[in-house]
Every structure is written in C-alpha cells, then in structure tokens.
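Following: one structure in structure tokens, then a few remarks.
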Amino acid sequence: MQEKKSRFYALDLLRGLAVILMLLAHSVYFFSHRDSSLIISLENTGNVFCFTTFLLISGAVSYIAYLNHDLADSRKNRVIKRILALIVSYYLIAVFVELKSILHADVWQKISILLDIITLRNLPSYTEYIVPFIIYPLIMFVFSDVFRKIAKNILLVVVFSTIFYLVGFLVYNLPFAGFFEPWKALVAGAEGYFRFPLLQYFPVFLLGLYWGRQLIRLENIKLKEQLVAK
C-alpha cells in the first residue's frame, strides 16, 4: 500500500521567501560596488538568514520523511541516495569552481588541490552551504533513534542545542595548527574563513526536527477531528 504524502504549505512558503532573499543577497554581491557597509551588512544578513531558513526546513522535512516512522529499508535507501546525490553535487561544483586553478597547476599542485577538496580542507566559493546538508542528515541517519527521541522533547532540544553551541564556542577559541585550521573552520568556525560551522548551526537543525514533529502532530489532530465530525 502506498504511503499518503502530506503537503505542508508553510514549508513551501518559507522556501519561497528564502529563495527570493537569496537572489537579492547574491544580486548585491554581483551587481553592487560594495562600497557601502550597510549594503554589505544586508548581503551578509540575507545569506545567513537564507541558510538558516533552509536548514530549519531541512530538519523539519527530515523528521517528516524519515524519523516519523522507523527507518525501513525503503526509507534508508532514500536517505542514502539523497546524501550521495549531495556529495556528488558538491564535488562537481567544487571542481568546476577550482577548474582554472587545477588546469594551470603542475601535477603535484593538481593533486594537492583535489585532495583539499576531497577532504573538505578547501570549500570553494558557493559550496560552503552544501556540506552541512550532507553532514547533518548523515549523522541523523547513523543515530536515528537518538534524534527521534530528541525531537519529541523541546527540553532535550534546548539541552543538546546548548551543548553543541558551547562546544563550538570552545573549539572556536582553541588554537589550531595552520594545517588543521580549515577543518576547525568547518566544525566550529575560524577567523578569516567564511563557513557555516557545524556545531553552532546544529541547534537550527534540531529545532527543525522538533518543528517537523509538531507539524505531524497537528496533522494527526486535524485528521482525528475530521473522523469525529463524520
């Protein structure tokens, strides 16, 4: 029997608003002279808001699509295919962005550039936002039971969010050798790097999971009310 799929229009509305704001923010980047601190602030705010909104929606959709039921084989395959598609997309975009550097480098430099991309030491422009959407679902897939329990309790969401954020803050302030600085930037942020640090943004994904569960609960309540009315 095929599963009934629900459409949550609040998610579609947020997606649309985030896309519009993303277009505006990138328009400022590409077409503005960037000689105004206000314009630059608006651009940065737009970028952060877009990413945060998409991450929140990703958490909600992840719960609705995967954690609302036990991860049966069909659902596991969907998660794996989605993660693999994102990984392939990331590497294709990253190599394309760095193609000029790769073509003009000697053999060993080519290898070095590719290794940095593969190991996530170098996240080329316009790929920074993709990696979290790979890492978070992967962690959720491995620890699905844990995340299902967290999503059921707002107190657990707050506790784990606080822990992740504080750990990220501590790691950010720790000194790292230059070679490891790009990985530090990815995990917790680092001076001079434009990244969406995984630890500090984990609370947004957890809130998304919780929101997804609430959407399911509201839908079930409405369905019960309709059945009673009949």
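Just the heavy atoms: all of them, side chains too, but no hydrogens, waters or symmetry mates, feed the values below.
- Atom CG of Leu55 and atom CG of Leu206 lie 9.5 Å apart (nearest 0.5 Å).
- With hydrogens and angles disregarded, a donor-acceptor distance shorter than 3.5 Å links the side chain of Arg121 to the backbone of Phe179.
- Phe160 and Phe164 have tilted rings, their planes meeting at an angle from 30° to 60° on a 0 to 90° scale.
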Open item on the list: Run the side chain to side chain contact (heavy atoms under 4.5 Å, CB included) test on Phe147 and Ile139 for me, step by step, so that the C-alpha distance in whole Å, both residues' side-chain angles and the decisive distance to 0.1 Å come before the verdict.
Closed with: CA-CA 9 Å; Phe147 282 94; Ile139 296 174; 3.6 Å; yes

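- Annotation: the span from Leu198 atom CG to Leu186 atom CG amounts to 4.5 Å, rounded to 0.5 Å.
- To the nearest 0.5 Å, the span separating CZ on Arg217 from NZ on Lys152 amounts to 11.0 Å.
- Between Leu103 and Lys110, the closest heavy-atom pair is O-NZ, 3.5 Å.
- Under the 30°/60° scheme for interplanar angles, the aromatic rings of Tyr201 and Phe51 are found to stand perpendicular.
- Note that CG of Asp116 is 12.0 Å distant from CD1 of Ile111, once rounded to the nearest 0.5 Å.
- Proximity of a side-chain donor or acceptor of Arg148 to a complementary backbone N or O of Leu67 within less than 3.5 Å is detected.
- Note that the CG atom of Leu138 and the CD1 atom of Ile83 stand 5.0 Å from one another [nearest 0.5 Å].
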Hey, mind stepping through Leu209 and Ile150 against side chain to side chain contact (heavy atoms under 4.5 Å, CB included) and telling me if it holds?
CA-CA 9 Å; Leu209 292 177; Ile150 292 174; over 6 Å; no

| message | Between Phe141 and Phe143, is the ring-ring contact (aromatic ring centres under 6.0 Å, His included) condition met? List the steps. | response | CA-CA 6 Å; Phe141 176 75; Phe143 301 101; over 10 Å; no

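- In this structure, Val88 is not a member of the same hydrophobic cluster as Tyr90, with clusters built from ILVMFWY side-chain heavy atoms closer than 4.5 Å.
- The hydrophobic clustering, which links ILVMFWY residues whose side-chain heavy atoms are closer than 4.5 Å, places Val204 and Ile154 together.
- The hydrophobic clustering, which links ILVMFWY residues whose side-chain heavy atoms are closer than 4.5 Å, places Val159 and Met140 together.
- In this structure, CD1 in Ile93 is found 13.0 Å from CD in Glu98, a value given to the nearest 0.5 Å.
- Crowding of Lys149 atom NZ: a count of heavy atoms from other residues, nucleotides or ligands under 6.0 Å not exceeding 12.
- Heavy atoms from other residues, nucleotides or ligands lying under 6.0 Å from OH of Tyr165 number 12 at most.
- No donor-acceptor distance shorter than 3.5 angstrom exists from the side chain of Trp211 to the backbone of Gly59, with no hydrogens or angles considered.
- Residues Phe133 and Phe54 place their aromatic rings such that the two centres sit no closer than 6.0 Å.
- Side-chain heavy atoms closer than 4.5 Å link hydrophobic residues (I, L, V, M, F, W, Y) into clusters, and following such links, even through other members, never connects Val95 to Trp108.
- By the 30° and 60° cut-offs, the orientation of the rings of Phe205 relative to Tyr136 is parallel.
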Q: Determine, step by step, whether Leu123 and Tyr193 satisfy the side chain to side chain contact (heavy atoms under 4.5 Å, CB included) criterion, reporting the C-alpha distance in whole Å, the side-chain angles of both residues, the deciding distance to 0.1 Å, and the verdict.
A: CA-CA 10 Å; Leu123 304 187; Tyr193 287 85; over 6 Å; no

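- Taken together through direct or relayed side-chain contacts under 4.5 Å among Ile, Leu, Val, Met, Phe, Trp and Tyr, Ile134 and Leu92 form parts of separate hydrophobic clusters.
- Within the 3.5 Å criterion, the main-chain N or O of Tyr126 finds a donor-acceptor partner in the side chain of Glu128.
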